[in-house]
Every structure is written in C-alpha cells, then in structure tokens.
Amino acid sequence: MQVSSLNEVKIYSLSCGKSLPEWLSDRKKRALQKKDVDVRRRIELIQDFEMPTVCTTIKVSKDGQYILATGTYKPRVRCYDTYQLSLKFERCLDSEVVTFEILSDDYSKIVFLHNDRYIEFHSQSGFYYKTRIPKFGRDFSYHFPSCDLYFVGASSEVYRLNLEQGRYLNPLQTDAAENNVCDINSVHGLFATGTIEGRVECWDPRTRNRVGLLDCALNSVTADSEINNLPTISALKFNGALTMAVGTSTGQVLLYDLRSDKPLLVKDHQYGLPIKSVHFQDSLDLILSADSRIIKMWNKNSGKIFTSLEPEHDLNDVCLYPNSGMHSMGIYYIPVLGPAPRWCSFLDNLTEELEENPESTVYDDYKFVTKKDLENLGLTHLIGSPFLRAYMHGFFMDIRLYHKVKLMVNPFAYEEYRKDKIRQKIEETRAQRVQLKKLPKVNKELALKLIEEEEEKQKSTWKKKVKSLPSILTDDRFKVMFENPDFQVDEESEEFRLLNPLVSKLQQELREKEEEEEPEGKPSDAESSESSDDEKAWVEEVRKQRRLLQQEEKVKRQERLKEDQQTVLKPQFYEIKAGEEFRSFKDSATKQKLMNKTLEDRLKIEAKNGTLSVSDTTVGSKQLTFTLKRSEQQKKQQEAEKLHRQERKRLRRSAGHLKSRHKRGRPFH
C-alpha cells in the first residue's frame, strides 16, 4: 500500500503493491502468490479487480453492493460484489462501450451505449434487447418520472426512447451542430446538454421547450488562461436544485447557479486537457474534477485546492463511492473525505497503523538491463533465451542471476563497497571534531580576505547587536567563483590594478558608515577636510598605477623591438597575375593608403590629379565627372598611335606637293 500526502491530506493507494510482470501466465502468477510473501501480503481489496487492457467507465449501484466496470480488449463488462469481495460475473460484448447506466438499485437493469450506434439492454440473466439510434452517440441520461432515455451525440437532435412504451419519441432540436454530454437534475428534472460550440442548453422535459442557454466558452476565458481554440463542453454535473458544474475541453471547470448566467467560480487545471468527469462531495463542500492526468479536489466556495491525486496511468473515468472516501478502479482511500465502506471497514484500523513507505518503481524480483549492461557482463549470448525478456529499450532478467554474474565479473565489488562505507564513517567522525579553515583552490586570497572580514563583522555584531548578512563563501550563487579556475582573479592585469584603489576606497567608506556617527566635539569641517584628503590620496594612487602600467608597456614594446631586430627576415615571393605588369611595391602601398582614407580626402586627391571635375547643375545640385586612369601600357599605345597619325599626315602632305608640281610641268629633283 502506497501512502501520499498533500496539504496534510493522506491518500492510500489500495491497488498499489509489489507488481507482477505482464508476461507471466495466470498459473505462474498464482504459484508466485503462494511462494512469495510480499505478493501474498499485498492488499487485494476485491479479487481480480482489474481489466486486461483498459477500463473505460466505472459505476456503483444505488444500493452500494455492486461495482460495474467496462473495458477492452475484448469488450466486456465486469460486475463485482462488494459483500463477497469478489467478481460476480463477466460478460463479453460485441463492441466497445461508450458509457452505461444502471437503471435499477442493483445490477438487474443496465443500459449500454456502444460506439457502433447500438443500445444494448441487459437484465439479471444477461443480454435482453438491442436497438439502434440514427447517429453515433456520446452520452445519455435517464429521466425516471417519464421513463425516457435522452441520447446526445454527433447530431443536433436529442433522441428520446421511452422504455414504458418501447418506442422512440419526437427528438429535441437544439441549436448546436453536435452535443457531447448531458445530465438530468434529480430534484426538478431539468435536462441539460453540453454542445460542441461551448454552450449549455437547458430543456424542460414536461413541455419539451428550451428554458435557458449558457455561453460557457466565453465565461471560461480568464486573464490567466491561455486558450488556443474554442472550448467545448466535455463534462456536466448537477448538484441539488440550483448548482451545476461544467467542464470544458481546455481544462476549466465552471460552477454555476442556475439563477444566473455568470459563473460563480472558474477553476483551471493548468494542463490544457479536457475535463472528463466532475463530482460533488457534500460533507466537506468539495468538487472533484478529473482530466486524463490528475484528479483535483477543491473547495466549491473559494476554489482553494484541498488535495490532488496524480496516478501513474491516464484516467478515463472517476467514481466516488457513496458516503465514503473511496475511489475506483485504481482504488484510492482518503480518510478525510469519509469513513471506509461497511464491506471494508477494516481499512480504518489498517490506515491508522500504516507508515509511509515509498513505492518501488521497478519489479522487485527482476532487474532491468540495457544492451550495454549485457555487454559489460558478458551476457549478450543470452539474448533470445528465456533468461532475458525484451522490454522497451532493454531486457528484464532474474535479480538472482544478475547478482551472481555481477559477483563473477567484479569479485572485489564487496571490498570496494566496504571501503566506501568505512571512509564515510571516518568522515562522519571527523565532522564532529574541531574544523580547521579550509581555503578553496581558486581565489584563495579573496576567500581569506572574506573570512577575515566576516570575523570582524561578527565581533562588531556581538558589540552592537546588528543583524549579520550571509557570507559569500556560504552562498550557493557564488560557489562557482571558488571552484572554477576560469573565475581566478588576475592581480597583475590592468583592470585589477586600476580598480583596486577604487574598491579599497569603497570598502573603507562602508566601514566608516558602519561605525558610529560623528563624535561630539569634532567639527564637520575637519571631517570634510579628511574626506578631501582621502580623495586626493585615492587619485594619486590611481595615477601611480597608471604610470606604472605605461612604463611596463614601454618596456614591453622595447623588448619586442629588440626581438624584431634580432630576427632574420626571410625573402617573400609574390605571384603576379596573368595580364598584369609589375611596377613596384610602392604602387600597392599607395593604393592601400588611398583606400584607407575618407571619401573627402580621395576626392581632393582625384581633383588634383585631374581625374575629377565638379560642376554645378541648373537645379542647384552638384555633378561629379570621373575620368579613368590609364595604365603605362595604354599610354605607350596611345603615343604610338599619335606618332603613326602624324607620320601619315606628313606623307599625305608630301604626296600632295608632288602632284601639284607634276601638273605645273616642273620636273622632279
């Protein structure tokens, strides 16, 4: 039995105990129960109170004698007799059950709503009758005065089946596209249905007219809630004549008074999961709301959390045993909510003597090992044999086999364990002796300084009764500063030497503030003169440190210069790209200097060289004209072309002169 406590409310898990592996057959489980003392001592409140795979819904009969539960796989219903603490019967069904209702005080009349639109009626002897509704159903309620069954589902209509006449009646037409849940008030018979649009419609079965409409989706949005989609109604429950609780698909529970359209209280589960069930506990004014992850119990007047219950597995349904503090099917007993039922009254005496024991999260007789563990133990050849059971990312093996192999692989493990225990005992005895001051490995000087300051503060607090502040050495926030070498203070660095006078001055001022106020007979002028002298001394100290740093930097530069002079420079070779002509290194240097200058300086240089002309336009703006520089090769080519043109002109002139003399009849010389 596991015991948990929240807000000083103890919760006893009666279905918790030494767990058995799922792969064991029923015969082996029974044999293990006979042999194993721990399994035999496990509290099994009701025999075989479980489902093979999943339990979907669970209810208690009105007389409190029978507990009925439906589940899969295969689809089935089980009935447990609480007086006999055993399974009374089990019936297999054709399809999975969405929900069911017990119409009689015992198990003699049951109605099942299946997920294939069938409605199945069972009597005390077994199956009785089956019928079908037009649309897939999600929930139904029974109106006792008129013997009507109201079915809601994937339709805007609410189907009515009268059990006295044995026929369907005219359905109720709602304004919703689909309906999720419904409930009937046991006091005045008001029928309410929760829609997919986040509304609750209330109908009067006598007149078959709608008498009220609540917009729960709008009221469920609060300042603290984060909602990504439209909330739909997922749970609905009446309590008394005027109280109604509504659960939404976004994890809010709204408590309404039927006389008002505004909720009295909005409780958020903070998980964002749909609310699956809501129950009232009248003795302590509590509301039990559950989603698939947690059951929360809170006060319906203030909304304050009373306690909460978070099982290991997901929740499908919650059933509160009448007039007690017991829940099913994972059985939980909360003594604060009420006494144990009459058929298990021994729980009151048992819980008084029970001490809190943590639950074992692994199988006690089996050890979970990974493939890497098997390689270390040399047991990889057992994979696939009966000695290893594959489970998730590893294997289960017998704990006795594991201990034997571990002892063979590491025979000195016990000796190491014994030495560790002896070492722990010695350290415990040393802790009782007088402790010496242990300085950390990092920032020893700083730690020593802090210890001395702490001792001085303690002496001052003994004299003045001043409240002492926590030390940096004992503060976890500064623990890394004395452990990580990256936080080592370099006292030779420039920053430390410049800041050290300032820090010392601030510390001195703090010490002076902690001392008494200005003594009698001492004038304020003297104090101001002393403060000015202190400031001068501090400034002189900072200047002194700066001069020392400059001298050290100068010495370092001279040493680097000597090293550069002593080093022999090796020739460096450069590769010239194809199509380029090598001129000198000065051109590249001048080009680099030119690129480092500002745009203004470059424009001035271009204007001097004649490659840039600046002119004003008619609209008042500036116009820049650049002429591209020519290379040496281009200049030579232009000069050759110019000489060639001049030579052609000269030849052309001489040819014209000869023609004119020929026409005049003058001979050539």
Side-chain angles (χ1 to χ4, degrees), residues 4-9 11 138-139 176 178-183 192-202 212-240 242-282 284-320 327 330 332 334 336-337:
S4 59
S5 178
L6 181 65
N7 294 340
E8 298 182 356
V9 178
I11 302 174
R138 296 175 182 172
D139 196 10
E178 296 178 3
N179 296 278
N180 290 334
V181 290
C182 64
D183 193 24
T193 175
T195 67
I196 199 173
E197 290 86 2
R199 298 188 181 94
V200 174
E201 296 188 11
C202 298
L213 180 65
L214 294 175
D215 192 353
C216 301
L218 183 62
N219 295 326
S220 65
V221 180
T222 58
D224 300 331
S225 60
E226 296 181 1
I227 297 175
N228 298 324
N229 49 14
L230 180 67
T232 62
I233 308 301
S234 58
L236 187 65
K237 189 71 174 179
F238 281 107
N239 181 44
L242 300 174
T243 307
M244 179 180 66
V246 180
T248 65
S249 60
T250 53
Q252 289 86 24
V253 180
L254 296 86
L255 188 64
Y256 280 95
D257 189 319
L258 294 180
R259 295 168 292 186
S260 173
D261 59 346
K262 302 294 182 184
L264 302 174
L265 189 66
V266 178
K267 186 67 177 178
D268 195 347
H269 269 221
Q270 304 294 336
Y271 283 105
L273 300 173
I275 303 297
K276 294 204 169 185
S277 65
V278 180
H279 294 276
F280 289 87
Q281 213 279 342
D282 296 327
L284 296 177
D285 290 336
L286 297 178
I287 295 179
L288 283 74
S289 55
D291 55 25
S292 60
R293 188 170 180 178
I294 193 171
I295 303 173
K296 288 194 175 183
M297 307 174 197
W298 43 280
N299 190 282
K300 68 178 182 181
N301 299 319
S302 62
K304 184 179 179 182
I305 285 290
F306 178 73
T307 188
S308 62
L309 177 61
E310 193 167 358
E312 296 179 358
H313 308 287
D314 291 343
L315 293 166
N316 289 328
D317 194 13
V318 175
C319 177
L320 182 63
H327 301 258
Y332 295 92
I334 307 175
V336 180
L337 299 182

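This is a predicted model, so every value here is computed, not measured.
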Nearest 0.5 Å, what's the [atom1]-[atom2] distance between [X] and [Y]?
X	Y	atom1	atom2	value
Cys319	Leu288	SG	CG	11.0 Å
Leu214	Cys202	CG	SG	5.5 Å
Trp298	Thr307	CH2	OG1	15.0 Å
Thr250	Asp268	OG1	CG	7.0 Å
Thr248	Ile233	OG1	CD1	6.5 Å
Leu309	Lys296	CG	NZ	12.5 Å

What is the minimum heavy-atom distance between [X] and [Y], and which atoms define it?
X	Y	value
Glu197	Glu178	OE1-O, 4.3 Å
Ala217	Pro231	CB-O, 3.8 Å
Ala176	Asn179	CB-OD1, 4.1 Å
Leu255	Thr243	CD1-CG2, 3.6 Å

Does some side-chain heavy atom of [Y] sit less than 4.5 Å from a side-chain heavy atom of [X]?
X	Y	result
His269	Arg293	no
Asn239	Asp282	yes
Met244	Leu236	yes
Tyr256	Cys216	yes
Lys267	Ile287	no
Lys276	Val318	no

Test item: [X] side-chain N/O and [Y] main-chain N/O as donor-acceptor pair under 3.5 Å:
X	Y	value
Ser234	Ile275	yes
His279	Leu320	no
Asp139	Cys182	yes

Test: Arg259 and Asp257 ion pair at under 4.0 Å: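 Answer for the salt bridge query: yes.
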